[in-house]
Amino acid sequence: MNVAKRKLALLLPVLALLVTLVSACGGSNNEGGNAAEPSASPGTPGGTSAPVEGSRSVGGLQVPIVADKLELSLWSPSGGNFRGTNFNEKYSFQQMEENTNIHIDFQHSTEASAEAFSLLMSSGKLPDIIYNDLWGTDSGKYGAQGALLPLEDLIDKYAPNFKKLLDDHPDIRGQITSPEGHIYYLPNLVLDSQDLTQMFPQVRSDWVEKLGLSMPQTTEDWYNMLKAFREQDPNGNGKKDEIPLVTVNLENIMMLFAPAFGVEYGFFVDNGEVKFGPDDPRFKEVVAYLNRLYEEQLLDPNYLVDTTFQTLTEKVTTDVAGAWFGWSGSYMGNFTTLMEGKHDTFKIAAAIPPKGPNGDQRHVSFRWQAAAHGLAVSSKTAHPEEVMKWLDYQYSEEGILLNNFGVEGKSYDLVNGEPVYKEEVTHPTNGLTNTQELLNHTIGGGSWATVADTRYAEQIREANGQTENPLEIYKDYIDFDAKLPPVQFTAEENEIVVPLMADIQTYVAETVNAQIMGRQSFDDYDKVIKQLEQMGIGEVLKQYQTAYERFKGE
Amino acid sequence: MAVPVNAIKAKSRKQRTKRSSVSLKRMMANRYLYLMLLPTVLYFLIFEYKPMYGAVIAFKDFNPFAGVAGSPWVGFKNFEKFFESYYFFRLLKNTFLMSFYSLLFIFPASLAFALLLNELRIKKLKSFLQTVSYLPHFISLIVICGMIIDFTKPGGIINSLLLGIGIISEPIQFLIQPEWFRTIYVGSGMWQSLGWNSIIYLAALSGINPSLYEAAVVDGAGRWKQLTHITLPGILPTVLILLILNVGTLLNVGWDKIILLYNPGTYVTADVISTFVYRRGVMEADYSFSAAVGLFNSVINFTLLVLANRISRKTTESSLW
């Protein structure tokens with residue numbers, strides 16, 4: 001009997017996972033009830049608000065923040081963008097401790113961040129400050145649950161630097177405010193519009209030159225170019241082994257072509273109205289176009305199976321891939337570095353967003369000024385005031401320099417008032433790439449609750465021999481009106497959206513792929529739209545519209 | 001208790017104390033044995049039974065910060081959400097079919113493999129075959145799936161093989177065609193587990209008294225008669241118990257393998273309850289919902305287990321309990 005039961009329990013991975021989650025938070029049940037209330041009320045008189053002796057002002061913030069060294073805990077995953085071991089080993093944070101007199105006890109997870117994060121949150125044992133890259137949707141949810149501290153009042157009282165940013169850039173406030181009107185996290189900020197572009201189409205420009213073509217301007221140009229890649233043997237090995245368009249998922253292909261037909265693969269805004277791409281009659285044209293690419297083997301026939309960056313890298317570096325859609329650094333930069341010295345002509349260029357048959361042309365693969373990643377304050381902190389001040393320091397001029405460039409004299413020098421990286425950083429001799437070396441010194445301005453400095457990417461790019469900025473050309477195409485802003489839902493709205501979208505996403509993914517691959521006809525696309533209506537897309541859109549209008553109103 | 005007569009009450013109390021003192025005495029006598037049992041009992045209490053309490057979140061709107069006890073009750077809402085899901089019946093059908101085919105093909109195949117191995121008289125060949133067939137069991141699932149993807153590609157060995165012997169004239173895109181998914185799932189499952197599953201049969205086979213075979217040979221039984229009259233009846237209880245256990249997990253399919261292999265092109269046949277829950281509950285941190293689905297799954301499994309056990313006990317007298 002026991003054996004049978006145990007076996008049952010063992011063989012139920014999903015249940016088992018949940019069970020762990022639940023048992024993990026069993027210990028916190030007693031405190032659980034009080035979690036919703038901050039354990040110390042912010043701004044109580046007699047706090048530490050009196051300036052510390054011998055302090056100076058950084059944009060209105062007095063540092064050092066406290067007279068006696070204070071320790072705060074901060075949770076963050078250590079993988080991915082951050083690399084490195086404990087953040088206290090980064091010179092920038094050591095300097096920051098000296099300046100603020102606050103020691104940060106960094107608690108790092110080693111597992112994948114999303115899973116580790118949800119385990120942390122369900123454990124109920126929270127540090128003072130929490131890093132996450134999904135605060136855009138998570139902060140409202142966890143805020144409403146009482147896990148996070150609403151920060152608006154604290155910002156007003158203790159965060160002069162961040163407050164000034166909010167006042168100077170009024171759009172940001174809406175991007176980080178929950179439906180209930182609370183700010184639960186401080187985001188990574190990008191203030192220069194040219195740096196907002198994230199992913200863009202990339203083409204083997206040496207192939208384009210070799211075949212006597214020019215960089216594609218329209219969707220028809222793209223078709224012709226891909227066809228030439230397929231048929232005219234641009235890699236010159238005598239075999240028809242070229243895969244003109246490669247991708248790790250359908251979403252990227254959609255980001256490339258759907259805007260040219262006036263739609264998106266997901267939600268977008270059309271003259272102030274939120275729409276769902278596959279529910280729009282124009283979407284049929286996208287499917288028809290992609291079906292044509294697929295039928296003529298211009299789109300990688302294995303695109304549904306080869307879904308890792310590794311397989312894509314393999315195709316690019318073995319000289320068979322012609323075009324793809326990806327990031328500036330991790331795609332374009334990476335491939336260029338990998339092929340250095342291994343290929344005579346290998347060259348990648350950025351293509352502008354293609355113009356569709358009806359004249360639509362726009363770039364929607366950009367991020368908002370306020371990113372979804374940043375730092376939130378847990379409701380359990382005993383030092384809300386100090387935490388807020390320390391966070392504000394990240395947005396002070398001093399903090400921005402530390403986070404982007406590191407410590408002056410160690411990783412950069414001031415030349416005519418401009419920070420310039422030292423040679424050891426841009427051209428390290430210790431076997432690391434310059435990005436990696438830089439991460440020994442600093443957290444990196446693009447992945448922290450701070451302002452990303454344009455000069456950072458610029459100098460690294462120049463150090464890598466890329467004289468022109470591939471992102472510059474997108475500035476003119478960025479369409480802020482068409483991209484759905486980071487709207488947040490109330491619990492009630494979520495209750496409607498989540499279950500309906502679970503089925504709709506499945507249906508759309510299934511149908512669109514089948515139609516692209518020609519297993520299902522796209523002629524009667526009306527049927528798809530009818531089916532979506534039946535599955536409740538109208539109800540979902542209503543919630544989106546409400547959330548969007550609430551966002552606009554703020 | 002109803003209204004027992006005082007005398008009976010007194011008597012039974014007396015008996016009880018007497019009995020309990022006897023058993024206490026016995027326990028004291030065997031105290032070291034009980035001490036040795038203690039860790040196991042504790043293990044089950046702490047790690048297997050206590051967590052079961054967490055399953056109540058299936059009936060709650062679970063909020064980690066309010067805790068299990070503090071989260072509001074919502075009744076069967078999470079179950080209703082699942083049953084009302086557009087794809088509910090497809091998920092149920094896929095889950096059932098996938099496990100049913102696994103049971104149908106892998107279970108007898110392991111038995112047949114064990115019997116064949118048992119008949120092998122060359123010791124070295126036997127252990128070689130055994131080792132080779134175990135190997136896939138020890139390969140990480142990620143690697144297995146990588147191999148499956150490579151094997152089934154248009155240029156992979158399966159296509160090359162089929163093209164080579166002329167069964168097909170054009171390579172098949174196995175992994176994007178829904179009609180192939182179950183075949184690949186069950187086929188690779190067989191490759192993975194055949195050798196390993198046969199171990200328990202081989203163990204049961206070695207437990208059969210050799211004198212039975214000697215006697216049978218004296219009586220003039222050939223290899224086939226030995227198989228049907230000694231070997232099969234000899235391992236039948238083992239086979240049945242394994243079958244019951246397998247039936248008890250009929251709705252559990254290897255979700256991780258499916259997640260690594262499926263894609264929107266094959267959802268039609270590949271999407272099962274657990275993958276749906278993964279996309280829906282775990283990715284979106286909807287714990288209560290996933291718990292409800294998990295609970296639904298275990299209730300069905302448990303019912304099947306009890307049924308299979310009962311049928312087996314009635315018909316063959318071997319059963320789990």
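In what follows, chains carry the letters A, B, and so on, assigned in the order in which the sequence lines appear, proteins first and then strands, with residues in each chain numbered from 1.
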Can you tell which part of [X] gets under 4.5 Å to a heavy atom of chain A, answering side chain, backbone, both or neither?
| X | result |
| --- | --- |
| B:V293 | neither |
| B:Q177 | both |
| B:P154 | side chain |
| B:D271 | side chain |

Can you say whether [X] sits under 4.5 Å from chain B via the side chain, the backbone, both, or neither, judging by heavy atoms?
| X | value |
| --- | --- |
| A:M501 | neither |
| A:E495 | side chain |
| A:D138 | neither |
| A:M535 | side chain |
| A:L134 | neither |

- prompt: Pick from A:N302, A:V305, A:T506: which one has the most heavy-atom pairs with chain B under 4.5 Å?
  reply: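 Highest number of pairs under 4.5 Å: A:T506.
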Can you tell me if A:Y303 and A:N513 form a side-chain donor-acceptor pair at under 3.5 Å?
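There is such a pair between these side chains.
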Exercise. Does CG in B:L307 sit with more than 12 non-hydrogen atoms of other residues, nucleotides or ligands closer than 6.0 Å?
Worked result: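 Enclosed: over 12 neighbouring heavy atoms sit under 6.0 Å from CG of B:L307.
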Taking A:S178 for the side chain and A:H182 for the main chain, is one N or O donor matched with an acceptor at less than 3.5 Å?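 A pair under 3.5 Å: yes.
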Using only atom types and a distance under 3.5 Å, with no angle test, would you say the side chain of A:S379 pairs donor to acceptor with the backbone of A:A147?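 Yes: the side chain of A:S379 pairs with the backbone of A:A147.
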The single option from A:D300, A:L312, A:T313, A:T308 that satisfies side chain to side chain contact (heavy atoms under 4.5 Å, CB included) with A:V248 is A:L312
Parallel under 30°, tilted from 30 to 60°, perpendicular over 60°: which one fits the rings of B:F276 and B:F289?
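Taking B:F289 first and then B:F276, their aromatic rings stand perpendicular (interplane angle over 60°).
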Original post:
For the residue pair B:W196 and B:H137, does the interplanar ring angle fall in the parallel (under 30°), tilted (30 to 60°) or perpendicular (over 60°) class?
Top reply: parallel
